[in-house]
Every structure is written in structure tokens, then in C-alpha cells.
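Here's the structure, in C-alpha cells; my notes come after.
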Amino acid sequence: MKKFANTIRMLLSLKCDESHELISSGFDKDLSGVERWSVRLHLIACKPCRSVGRKLRHLHKIALSRSDQPATLSAEARERIRQKIINEK
Amino acid sequence: MDTIENSAGESIVDDGVHWLDEHGDYLFSYALARIGDSHQAEDLVQESFLAAVRGKSGFRGESTVRTWLTSILRRKVIDYFRGQRRAEKKIKLSACDLAVDTAEARSDDRIPVDGLQFSNVFDQCLKKLSPAAAEAFVLRIMDGLGTNEVCRTLGISARNLSVRLHRARFALKECLEKNGFHG
């Protein structure tokens, strides 16, 4: 009964931070039917939350492009590491 | 180039030097993008090469050398975050009246962006996360590991991972937006 009441509450009055949590989880797992519909119904009524999914996708893109950026070991660091490796003989 | 001597020690060291030439920059880029500190990144790369040379038997040829070296470095990066968490706990214990969520509290201050490039801003925002949130984000989003693998690697539950990722995403989003990167 408690679970049923919570399902109804989620569907009818999901809070913004709950919708954020579910939108975030949706990137990592399949949401349940109730979770998906709760978010959909919330987004109909809540304009600010509508852009959250797009913004998180953008964040992931930014993070990936950061991880693709090449950097170069400084000559000093490279030499230091080379010496350390040679000392392993 | 001198001929390679046959003693096992020498050939492993030669391999190590060769790996440094081949993969040094790649590994440095990997570490730098994830911890945002070039000195620390250099140290982690150095530790990884030494671990690789010492435990070369760990390389079983099931993957490329680069993949193998990256997996050693990833472990070092996770250890680095673990060290950060220990340090954070000590700070919390010495100021235990400050019961605040560090992931959110730290995202408040604005980073001066004048002249700084995008990667610097991203690095600074990533560094403002709690280490627990940062390591989850790094493994799941930047390394693209599956949720089960991240949970296994960090020894945490799926629920815990979900909470960490949620905190990381929203703190990063907020920090990037404050610094002029709007999605």
C-alpha cells in the first residue's frame, strides 16, 4: 500500500531534485516505467527541468573532449622517469 | 644503439624506456585530464612505469601494451583519489561541526577565467568535487566503464555510485555554467 502511494506521488508530484536524480540515473541504467513516466509528467509542468538532460549530455561531451586533449610530458619529467626506469636494472 | 644484452633485467628496462618513448605523452595526458595537476600527473606516470617494469610478468599479451599501461595508471589514479579522501576525512574530523556536503559546498566559488582555457576551467571544476564524486565521474564518464565495472573497481553499491554520479554531474554543470560554459 505504501509502495502504491509512493508510485502515485511520484507520478503526480515529483520534486525537481528527484527528477534530477532520475535524469542522472537514466544515463547509467534503464529507468523503470514508473520512473520514466514520473519524469515525463514532471517535465510537462516544469520548464527549468526540461533542459537538464540536454545540459548533462553537454557536460559528458565536454568531459570526453577534455579527456581527448593531448598533453606532452616536459623534457625534465621525461628524463627523470627515464633515469628511474634505468635505475631498476 | 648498443646491442641489447640478454639478461632479463636489461631487456625489461629497455622495454620500459621504449614504452616511455611510445606511450609517455599518452599516459601523461590521461592522468592530467583526470586529476588536473601536472606535477601529480607526472608522479603517477612515473609510478606506473616503475610498476610496469617491476611487474612485467603482469603483461600477458591479452591487450595492447598501451591498454595494459593505462590500466596500471588507472589504478594509480584511483589510489590518488583514495588518498584525497583520507586527507578530506582528516580535515572533516578536525572541523566536525561543518557537516556540509563537500561536493556542493565546494562548487560555490567562482574560478577566474580570464585568459584560462577550457581545459583549465574543466580541471578546476573537477578538482572542486569531493574525491568520491570525482573518481566515480572519471571512471564512468571519462573512461566510459560500465556501471558494474565501476562499482566493482571502487567496491561500492549501485545506489552509492548513482548518488556520487548525480552529485558530480550537477556540481560540474553548475561550476562550468558559472564560468561561462553553458550547455
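No experiment lies behind these values; they were computed from the predicted model shown. In what follows, chains carry the letters A, B, and so on, assigned in the order in which the sequence lines appear, proteins first and then strands, with residues in each chain numbered from 1.
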Item checked: Proximal component of B:Asp143, with respect to chain A [non-hydrogen, under 4.5 Å] -> neither
Next item on the list: Nearest 0.5 Å please: distance from the CD atom of B:Glu42 over to the CZ atom of A:Arg80.
Entry: 5.0 Å
Next item on the list: Of all the heavy-atom pairs spanning B:Ser29 and A:Ala71, show the shortest one and how long it is.
Entry: OG-N, 2.8 Å
Next item on the list: Compare all side-chain heavy atoms of B:Val163 with those of A:Glu21 and state whether any distance is below 4.5 angstrom.
Entry: no
Next item on the list: Report whether A:Phe27 and B:Val138 are members of the same hydrophobic cluster (ILVMFWY, side-chain heavy atoms less than 4.5 Å apart, transitive linking).
Entry: yes
Check: Do A:Asp28 and B:Leu165 have side chains that get closer than 4.5 Å, going by heavy atoms?
Finding: yes
Next item on the list: Report yes if the side chains of B:Leu32 and A:Arg66 come closer than 4.5 Å at any heavy-atom pair, otherwise no.
Entry: yes
Item checked: Toward chain A, the part of B:Leu20 with a non-hydrogen atom under 4.5 Å -> both
Margin query: If I measure from the heavy atoms of chain B, does A:Ile85 come under 4.5 Å with its side chain, its backbone, both, or neither?
Written below: both
Notebook entry, point to check: Linking I/L/V/M/F/W/Y whenever their side-chain heavy atoms sit closer than 4.5 Å, directly or via other members, would A:Leu56 and B:Leu145 fall into one cluster?
Noted result: no
Identify all side-chain donor-acceptor contacts of residues 32-46 of chain A below 3.5 Å with residues at least two apart in sequence or on another chain.
residue	atom	partner	partner atom	Å
A:Ser32	OG	A:Glu35	N	3.1
A:Ser32	OG	A:Glu35	OE1	3.4
A:Glu35	OE1	A:Ser32	N	2.8
A:Arg36	NH1	A:Leu31	O	3.0
A:Ser38	OG	A:Val34	O	2.6
A:His42	ND1	A:Leu14	O	2.9

Notebook entry, point to check: If Ile, Leu, Val, Met, Phe, Trp and Tyr residues are connected whenever their side-chain heavy atoms lie under 4.5 Å apart, and connections chain through other members, are B:Tyr26 and B:Trp68 in the same group?
Noted result: yes
Next item on the list: Could you grab the distance from atom OG1 of A:Thr72 to atom CG of B:Asp25, nearest 0.5 Å is fine?
Entry: 4.5 Å
Next item on the list: Linking directly or through intermediates, with side-chain heavy atoms under 4.5 Å: list the remaining ILVMFWY members grouped with A:Phe4, chain and number order.
Entry: A:Ile8, A:Leu12
Next item on the list: First locate atom CD1 of B:Ile141, then atom CD1 of A:Ile62, and finally report the distance between them rounded to the nearest 0.5 Å.
Entry: 13.0 Å
Note to self: Less than 4.5 Å to any heavy atom of chain A: does that hold for the side chain of B:Tyr30, its backbone, both, or neither?
What the structure shows: neither
Note to self: Heavy-atom pairs under 4.5 Å with chain B - which of A:Ile86, A:Asn87, A:Leu59, A:Leu64 has more of them than the others?
What the structure shows: A:Leu59
Margin query: Let me confirm one number: the CD-CD distance from B:Gln46 to A:Gln83, rounded to the nearest 0.5 Å.
Written below: 11.0 Å
Checklist line | Most chain B-contacting option - heavy-atom pairs closer than 4.5 Å, from A:Ser51, A:Ser67, A:Ser25 | finding: A:Ser67
Margin query: Let me confirm one number: the CZ-OG distance from B:Phe122 to A:Ser65, rounded to the nearest 0.5 Å.
Written below: 8.0 Å
Note to self: In this structure, would B:Leu73 and B:Ile78 fall into the same cluster of hydrophobic residues linked by side-chain contacts under 4.5 Å?
What the structure shows: no
Next item on the list: With the side chain counted from C-beta on, respond yes when B:Arg169 and A:His60 share a heavy-atom pair under 4.5 Å apart, and no when they do not.
Entry: yes
Note to self: Quick one, A:Ile81 and B:Phe28 - any side-chain contact, counting heavy atoms below 4.5 Å?
What the structure shows: no
Check: In Å and rounded to the nearest 0.5 Å, what is the CG to OG distance from A:Asp68 to B:Ser119?
Finding: 12.0 Å
Note to self: Taking side chain as everything from C-beta outward and backbone as N, CA, C, O, which of these in B:Thr147 sits under 4.5 Å from a heavy atom of chain A? Side chain, backbone, both or neither.
What the structure shows: side chain
Check: Is B:Tyr80 reachable from B:Leu154 through a run of I, L, V, M, F, W or Y residues, each pair having side-chain heavy atoms under 4.5 Å apart?
Finding: no
